[in-house]
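Quick notes on the structure that follows.
The model shown is predicted, which means the values in this text are computed figures rather than measured ones. These numbers come from the heavy atoms of this one structure, side chains and all, not from hydrogens, waters or symmetry mates.
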Amino acid sequence: MVIDASPVQDILFWHWWIVAAACFVLELVVPGVLFLWLGVGAVAAGFFSLGFPGYGWRHESMVLAGVSMASAVVGRNWWDKMRQRTDHPELNERAKTLIGRTGTLEDPIANGVGRLKLGDTSWKVRGPDLPAGVQVRITGADGSVLTVEAV
């Protein structure tokens, strides 16, 4: 006589769907997308349990794991394709768009630091010590600080 006292023998399809609903709710609360894929797997395990009730929790768990992993891979590939590529990767880095432009030093560069006025904006610059009024070329940008050299 074999007695199987395992409580997991009584898992029904709607138990999996409750797990899926819990995963979807957690997905809204917890950062990342882990629970979304687990929820998809739990929905699939619920359908498997509904369609093939005799297979039991071990097979349903394998469906959960397999569908969760497959949906994570498909979802990641889909997300990579959906991310928009831009022709202007420096669009939000205004200082980098100024590289190559020339301007006149507003304040002298002393101890490697000075100010350059371009348009209506005064920029902090780094470079060799130079007097005010000298023409400089922007050679780089580190955040909002421009690197310049004398023209």
Requested in this report: Would you kindly say whether R94 and S144 are connected by a side-chain donor-acceptor distance under 3.5 Å?
Outcome: no
**Report entry** Residue pair W17 / L50, side-chain heavy-atom distance below 4.5 Å
**Finding:** yes
Query - Over all atoms of both residues, closest heavy-atom pair of D107 and A132 - result: C-CB, 4.1 Å
Query raised in the report: Should W123 and L105 be counted in the same cluster of Ile, Leu, Val, Met, Phe, Trp and Tyr side chains packed under 4.5 Å apart?
Result: yes
**Report entry** Main-chain N/O of L116 paired to E106 side chain as donor or acceptor, under 3.5 Å
**Finding:** no
Query raised in the report: Can V30 be reached from V33 by stepping across I, L, V, M, F, W or Y side chains whose heavy atoms are under 4.5 Å apart?
Result: no
Query raised in the report: Should L38 and M62 be counted in the same cluster of Ile, Leu, Val, Met, Phe, Trp and Tyr side chains packed under 4.5 Å apart?
Result: no
Query - Joint cluster assignment, I99 & L146, ILVMFWY side-chain distance < 4.5 Å - result: yes
Report task. May I ask whether W37 and V43 are part of the same hydrophobic cluster, defined by side-chain heavy atoms of I, L, V, M, F, W, Y residues being less than 4.5 angstrom apart, directly or through others? Result -> yes
Query raised in the report: Take atom CZ in F24; do more than 12 heavy atoms of anything else shown fall under 6.0 Å from it?
Result: yes
Query raised in the report: What distance do L98 atom CG and T121 atom OG1 have between them, rounded to the nearest 0.5 Å?
Result: 8.5 Å
Query raised in the report: Does T147 offer a backbone N or O that forms a donor-acceptor pair with the side chain of T139 under 3.5 Å?
Result: yes
Requested in this report: Look up atom CD in E60 and atom CG in L12, then write down how far apart they are to the nearest 0.5 Å.
Outcome: 8.5 Å
Query raised in the report: Please walk me through it: do H15 and V19 pass side-chain contact (heavy atoms from CB on, under 4.5 Å)?
Result: CA-CA 6 Å; H15 292 122; V19 170; 5.7 Å; no
Query - For V145, side chain to side chain contact (heavy atoms under 4.5 Å, CB included) partners two or more places apart - result: K124, R126
Report task. Mind telling me whether F48 and F52 have parallel, tilted or perpendicular rings, with 30° and 60° as the class edges? Result -> tilted
Report summary line: Rounded to the nearest 0.5 angstrom, the CZ-OG distance for R115 and S122 is 3.5 Å
Query raised in the report: Is there a donor-acceptor contact under 3.5 Å from the side chain of Q135 to the main chain of V151?
Result: no
Query raised in the report: Is a side-chain donor-acceptor pair under 3.5 Å present for T102 with R137?
Result: no
Report task. Could you tell me whether D142 atom CG has more than 12 heavy atoms of other residues or ligands within 6.0 Å of it? Result -> no
Report task. Keeping the roles fixed (side chain from H59, backbone from Y55), state whether a donor-acceptor pair exists under 3.5 Å. Result -> yes
**Report entry** Nearest non-hydrogen partners of S68 and G41, listed with the distance
**Finding:** OG-CA, 3.4 Å
Query - W16 vs S61 side-chain heavy atoms within contact, under 4.5 Å - result: yes
Report task. Carefully, step by step, assess V125 and V113 under the rule side-chain contact (heavy atoms from CB on, under 4.5 Å). Result -> CA-CA 6 Å; V125 295; V113 179; over 6 Å; no
Query raised in the report: Do you know which two heavy atoms are closest between D129 and N111, and how far apart they sit?
Result: OD1-N, 3.0 Å
Query raised in the report: If you round to the nearest 0.5 Å, how far is CG of L64 from SG of C23?
Result: 8.0 Å
